[in-house]
Novice: 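To start, I am sharing the structure in question, which I have written as structure tokens.
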Number of protein chains: 2
Amino acid sequence: MDYKARRSGYHTVMDSSQKPERTRLTAEDWEVAAMQLIADQGVGALAVEALARQLGVTKGSFYWHFRTREALLQATLERWEQYGENEVLGQIEQIADPRQRLPELFRRVAHEIQPHRVYAALLKALDHPLVVPVMARVSQRRTEFLHTAYREAGLPPREALNRARLTYAAYVGFLQLNFTLGLPRINHEEFDAYVEHMIATLIPA
Amino acid sequence: MDYKARRSGYHTVMDSSQKPERTRLTAEDWEVAAMQLIADQGVGALAVEALARQLGVTKGSFYWHFRTREALLQATLERWEQYGENEVLGQIEQIADPRQRLPELFRRVAHEIQPHRVYAALLKALDHPLVVPVMARVSQRRTEFLHTAYREAGLPPREALNRARLTYAAYVGFLQLNFTLGLPRINHEEFDAYVEHMIATLIPA
DNA sequence: GCGCATCCATACGGGTGAGTATGGATGCGC
DNA sequence: GCGCATCCATACTCACCCGTATGGATGCGC
């Protein structure tokens, strides 16, 4: 989650939370801001003039860096997809004992915040043609990861696949119900109990 | 799923799948058409002029029946919420053996189609302020229903609640992944196997 | 310090869709 | 069959937002 900070070029920047930041922008800056805006207000709120105001410039800037609004969305989605690749999954694969991997994965994923805000926003934008293929690829990969993890944990292949689907569905559903929908706003200890219940229920002993 | 058919007033109608239907419309007609459109193309596609064309009239008609576009959405959502109330849940409660209820519920829900199309569309519209409270209420009620069902099936209260949350999350996530997202488009027998796997995994023996 | 490429501001065109105003058509009460 | 309420058509206004055109500012090469 280092969405912000870091510039590509020659000019440095102190911190992106100030208005009178009179530096020139790069395409990356726009993508970062776009991702932030998506996390906050959803894909539908991604308007170029709004983004421009937020960045302290005008549309003229935007259309120098991007050909169209869709192009920005595309680039932002690619960035998100690529970033999320070996973010958690890579670390998990380094755990020696396969039976330790799944519970550890559950616990780690459960305590992330920012990536989930983007993910939840993208789930709400599944009518947009550009996000569908991205989400399809990501879901596919993650489900396959769970599939092999469950096999390594001792489940027979077919059962492992269904368990993987079930697990990932529960994950996605939880995001929808507790993030975007602000249900009874489950508190910390209760949440931890829920996670442990998931582990006990879904992961074979 | 009797969304269509039925009129309130004095004039009857043959079948709502014909163009030259030169009868006057009621507010209910608009709501029914709106729900159908939401199921097909999502809440975002709910535009009054589009709906008017589909119904063979113009905006002039619409703004006689409704004060605003939001009013139509509101009415349609209320109609959906009220309809979906005792649709499945009522039947399930009549099953004598509590241990039979959950597997039966799973199997029945798994083979519904049309209500799920609306539900999935609404899940994608969770950024809209009007749908959030509706979905919150519905989710709350259904989760509570699962909660008591799990208790009656023998689970201790706390565990029953978490299991209910897990179950409902899996349900919602499945809708997202397999309806709106068109993942590998799981076929019939494979789907049935998945449902049975869910039953075996989530419902206590 | 001149000149060119980079980056941005200003101003405009154009499409879309919500909401309004107003008059016309239709059917029912009586 | 007159009159009134119901329902709808037509013709607007207005706001929003994407995209374009074009000129101005800034900084780097040399």
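The chains referred to below are lettered A, B, ... by the order of the sequence lines, with proteins before strands, and numbering in each begins at 1. Every heavy atom of this structure was used, including side-chain atoms; hydrogens, water molecules and symmetry mates were not.
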Novice: Name the closest nucleotide to the A/Val48 side chain, picking from D/dC18, D/dA9, C/dC8.
Specialist: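 For the A/Val48 side chain, the nearest candidate turns out to be D/dC18.
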Novice: Return the nearest nucleotide to the side chain of A/Trp64; candidates are C/dT6, D/dC17, D/dA9.
Specialist: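 Looking only at side-chain atoms, A/Trp64 lies closest to C/dT6.
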Novice: When you measure from the side chain of A/Thr26 to the backbone N and O of A/Asp29, does any donor-acceptor pair fall under 3.5 Å?
Specialist: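 Side chain of A/Thr26 to backbone of A/Asp29, a donor-acceptor pair under 3.5 Å: yes, one is there.
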Novice: For a side chain to side chain contact (heavy atoms under 4.5 Å, CB included) with B/Phe62, tell me which candidate from B/Leu72, B/Leu55, B/Val57, B/Leu51 qualifies.
Specialist: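 Output: one option passes, namely B/Leu72.
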Novice: Which nucleotide in the set D/dC18, C/dA18, D/dC8 lies at the smallest distance from any side-chain heavy atom of A/Tyr63?
Specialist: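 Closest of the options to the side chain of A/Tyr63: D/dC18.
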Novice: Under 6.0 Å between ring centres, would you say that holds for A/Phe174 and A/Tyr171?
Specialist: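 They do not qualify: ring centres at least 6.0 Å apart.
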Novice: What's the closest nucleotide to the side chain of A/Ser61 if the choices are C/dG17, C/dC8, D/dA9?
Specialist: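 Per side-chain heavy atoms of A/Ser61, the pick is C/dC8.
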Novice: Expressed as a whole number of angstroms, how long is the span from A/Leu51:CG to C/dC8:P?
Specialist: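 Those two atoms, CG and P, are 13 Å apart.
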Novice: Dump the intermediate steps for salt bridge (Lys or Arg N to Asp or Glu O under 4.0 Å) on A/Arg117 and A/Glu112, then the final yes or no.
Specialist: CA-CA 9 Å; A/Arg117 300 189 60 226; A/Glu112 289 190 338; over 6 Å; no
Novice: In whole angstroms, how far is the C1' atom of D/dC7 from the CD atom of B/Glu28?
Specialist: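 Atom CD in B/Glu28 sits about 17 Å away from atom C1' in D/dC7.
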Novice: Taking the side chain of A/Glu49 as its heavy atoms from C-beta onward, which of D/dC18, C/dC8, C/dG17 lies nearest to it?
Specialist: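 Taking heavy atoms from C-beta onward, the closest nucleotide is D/dC18.
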Novice: Can you check the B/Asp29 CG to D/dC7 P distance for me, whole Å?
Specialist: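 To the nearest whole Å, that distance equals 11 Å.
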Novice: Look at the rings of B/Tyr119 and B/Trp80 and say which category their plane angle falls in: under 30° parallel, 30 to 60° tilted, over 60° perpendicular.
Specialist: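 Correct class here is tilted.
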Novice: What's the closest nucleotide to the side chain of B/Thr58 if the choices are D/dT6, C/dC7, D/dT10?
Specialist: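 In terms of side-chain proximity for B/Thr58, the closest of D/dT6, C/dC7, D/dT10 is D/dT10.
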Novice: Are there runs of at least three consecutive Watson-Crick or G-U pairs touching DNA chain D, with each pair's two distances under 3.5 angstrom? Give them by first number.
Specialist: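 So far as stems of 3 or more pairs are concerned, DNA chain D shows C:1-12 with D:19-30, C:14-30 with D:1-17.
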Novice: From CD of A/Glu70 over to C1' of D/dC17, roughly how many Å is that when rounded to an integer?
Specialist: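 Going from A/Glu70 (CD) to D/dC17 (C1'), I get 13 Å.
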Novice: Within this structure, what is the CG-to-C1' distance between A/Leu25 and D/dT26, rounded to whole angstrom?
Specialist: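 Interatomic distance, CG of A/Leu25 to C1' of D/dT26: 14 Å.
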Novice: From C-beta outward on A/Arg24, which listed nucleotide comes closest to its side chain: D/dC18, D/dG27, C/dT26?
Specialist: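 Nearest listed nucleotide: D/dG27.
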Novice: Before giving the answer on salt bridge (Lys or Arg N to Asp or Glu O under 4.0 Å), spell out for A/Glu49 and A/Arg53 the whole-Å C-alpha distance, their side-chain angles and the decisive distance to 0.1 Å.
Specialist: CA-CA 6 Å; A/Glu49 289 176 286; A/Arg53 274 193 300 273; 5.6 Å; no
Novice: Respond yes when some side-chain nitrogen or oxygen of A/His65 is under 4.0 Å from OP1 or OP2 of C/dT6, and no when none is.
Specialist: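 No, outside the criterion.
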Novice: Would you mind reading off the distance between B/Phe66 atom CZ and D/dC7 atom P, rounded to a whole angstrom?
Specialist: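 Distance, rounded to whole Å: 12 Å.
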Novice: If every non-hydrogen atom of A/Leu126 is compared with every non-hydrogen atom of B/Gln176, which pair is closest and at what distance?
Specialist: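 For A/Leu126 and B/Gln176, the tightest heavy-atom pair comes out as CD2-O, 4.1 Å.
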Novice: For the pair made of CZ in A/Arg53 and P in C/dT10, what is the distance, rounded to whole Å?
Specialist: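 It is 14 Å, rounded to the nearest whole Å.
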Novice: How many Å lie between CH2 on A/Trp30 and C1' on C/dC7, as a whole number?
Specialist: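 Rounding to the nearest Å, CH2 of A/Trp30 and C1' of C/dC7 are 11 Å apart.
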